[in-house]
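One structure is given below, encoded as C-alpha cells.
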Amino acid sequence: MLVADYGNVIYEGVNGYSNFRKKEKLSIHSVFQLASASKMFTAAAIMLLKQSKQLEYDDSVKKYIPLFPYPKVTIRNLLNHRSGIPRYMVVSDEFWPRDTMMTNEDMNDLMIEHCPESYYPPNYRFNYQNSNYAYLALIVERISHASFQRFCRDSIFEPLGMYDTRIFNGIDSTEIPGMVSGHIYRRPRPIDPYNNYVNGVVGDKGVYSSLSDLLKFDQALYSNSFIADSLLREAFTGGSTERKRRRGNYGFGWRTSSFEKDRMVFHYGWWNGFKTCFMRFLGTHRTIIVLTNRDMSLTLPKKIQEILSVSYTHLRAH
C-alpha cells in the first residue's frame with residue numbers, strides 16, 4: 001500500500017506473500033494484476049486517440065468495428081458504461097471452449113455470431129459491464145493497427161517511465177518480472193486460481209503494475225503534457241445524470257465521488273485472486289493505492305481515508 005501527498009510518499013508498506021505455496025514474500029516492487037482498475041488505462045488510451053484527432057467520443061462503434069451487432073452505440077456510451085450491451089462472459093461461458101484462450105477479436109466474433117439481446121437501449125441508463133472496456137481496447141487496436149499491449153506500452157507505460165507495467169493476456173505475453181500470484185481464500189488455506197480462458201481478453205482487466213509505477217501515472221495526470229486538462233475534466237465527470245442523488249457516478253475509466261469536498265476519483269478491481277484500489281483526491285492531491293493478491297474483503301482504503309480525514313481535521317484545528 002502507498003499513500004502520497006502531492007506526489008510525495010508519506011507511507012509505503014508491504015506485508016504478506018507473493019506466492020503463499022512457496023512462501024515467497026512480497027516487496028515494494030511486486031507487480032500485481034489490477035483487475036478492473038485496468039480500465040483507467042483503457043480510457044487513457046482512448047483519450048490519447050481523441051487528443052490526436054483519430055476518433056471522437058460520439059463516433060459510432062460501428063465506424064471502427066463494422067460488424068458490431070449493436071447499432072447506435074457510441075464510444076462515449078462504452079466509456080460511461082451506458083451502452084446497454086450484454087456481458088460477453090455470459091455468451092463465452094456457453095459457447096467458448098474452456099481450454100482455449102479467448103482474444104478481444106474472438107469476443108467480438110462470438111457476440112456477432114450469437115448476438116445476445118441488449119440489456120438496455122444505448123444511453124438509457126448506467127450498467128457496469130466489462131464488455132464496454134473490452135470493446136474499447138478492440139477499437140484502440142483497430143485504429144492503431146497494433147495490439148492493445150503494444151499501444152499502451154508505446155503511448156503510456158514507456159513515455160511515463162512505467163517500466164514495471166505490462167498487459168498480460170496469457171497468450172502472447174511473456175512472464176512479467178516481479179509478477180505475483182493471485183490467491184482465492186478457501187479454508188484452511190488459500191488456493192491458486194486457474195488460468196481462466198477470458199484472461200486473454202484485455203481492456204477490462206489485464207494490466208499488471210507496481211506501487212511506484214502507479215504513482216507515476218497518478219502524477220502524470222496532473223501534467224498537461226500527457227493528457228490535456230480539458231479531456232481529463234470530462235473523464236472525471238460522471239456521465240449519468242440520473243445518478244446525481246446516489247453515492248457516486250462513472251466518468252471515463254474512473255468512478256467519481258458525489259461529495260464535492262473530496263473531489264475523489266477512484267477504481268476498485270477484483271479478479272482471479274486479486275483485489276486492488278486506486279484513489280485520487282483531486283482537491284488535496286492525495287493518492288491512496290492498495291494492491292492485494294487475495295480475494296478477501298478489502299477494507300484498508302476506507303481505514304486510510306479515515307486516518308487522513310482525522311489528520312486533516314486536526315491540522316486545521318491548529
Contact check, side chains of [X] and [Y], non-hydrogen atoms, under 4.5 Å:
X	Y	value
R280	M264	no
Y208	T165	no
Y135	M107	yes
V73	I85	yes

Query - Worked check of salt bridge (Lys or Arg N to Asp or Glu O under 4.0 Å) between K50 and E234 - result: CA-CA 12 Å; K50 158 75 171 172; E234 191 168 8; over 6 Å; no
Compute the centroid of each ring, for [X] and then for [Y], and state whether the two points are separated by less than 6.0 Å.
X	Y	answer
F157	F217	no
Y6	H285	yes
Y119	Y124	no
Y133	H81	yes

**Report entry** Pair R142 + E105: basic N to acidic O under 4.0 Å
**Finding:**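 Looking at R142 and E105, the cut-off is met.
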Query raised in the report: Under a 4.0 Å N-O cut-off, is there an ion pair linking K39 with D204?
Result: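 So K39 does not pair with D204 through a salt bridge.
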Could you verify whether a donor N or O on one side chain and an acceptor N or O on the other, from [X] and [Y], lie under 3.5 Å apart?
X	Y	value
Y197	S92	yes
S240	R125	no
D59	Y64	yes
S83	N77	no
T256	N249	no
W271	D295	no

Give me the one residue out of [options] that meets side-chain contact (heavy atoms from CB on, under 4.5 Å) with [X].
X	options	value
W96	M101, M102, M89	M102
F252	I75, N80, L78	N80
S212	V9, L2, D164	D164
N108	I112, N104, D106, L110	I112

Does the structure place the NZ or CZ of [X] under 6.0 Å from the centre of the six-membered ring of [Y], at an angle of no more than 45° from the ring's axis?
X	Y	value
K22	Y17	no
K72	Y70	no
K275	Y268	no
R255	Y128	yes

Requested in this report: Say whether I289 and W270 are linked into one hydrophobic cluster, either directly or through other cluster members, by side-chain heavy-atom distances under 4.5 angstrom.
Outcome: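 No.
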Has [X] got more than 12 heavy atoms of other residues, nucleotides or ligands less than 6.0 Å from its [atom1]?
X	atom1	value
R150	CZ	no
K62	NZ	yes
D58	CG	yes
H29	NE2	no
K23	NZ	yes

Query raised in the report: Given the rule in the side-chain contact (heavy atoms from CB on, under 4.5 Å) test, do N272 and N199 qualify, once you have shown the distances and angles that lead to the verdict?
Result: CA-CA 9 Å; N272 264 28; N199 283 340; 3.3 Å; yes
Requested in this report: Quick one: sort the F126 and Y250 rings into parallel, tilted or perpendicular, breaks at 30° and 60°.
Outcome: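 If you compare the ring of F126 with that of Y250, the planes turn out tilted.
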Query raised in the report: Looking only at heavy atoms, what is the nearest atom pair of N19 and S181, with distance?
Result: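 Of all heavy-atom pairs spanning N19 and S181, the closest is ND2-OG, 3.3 Å.
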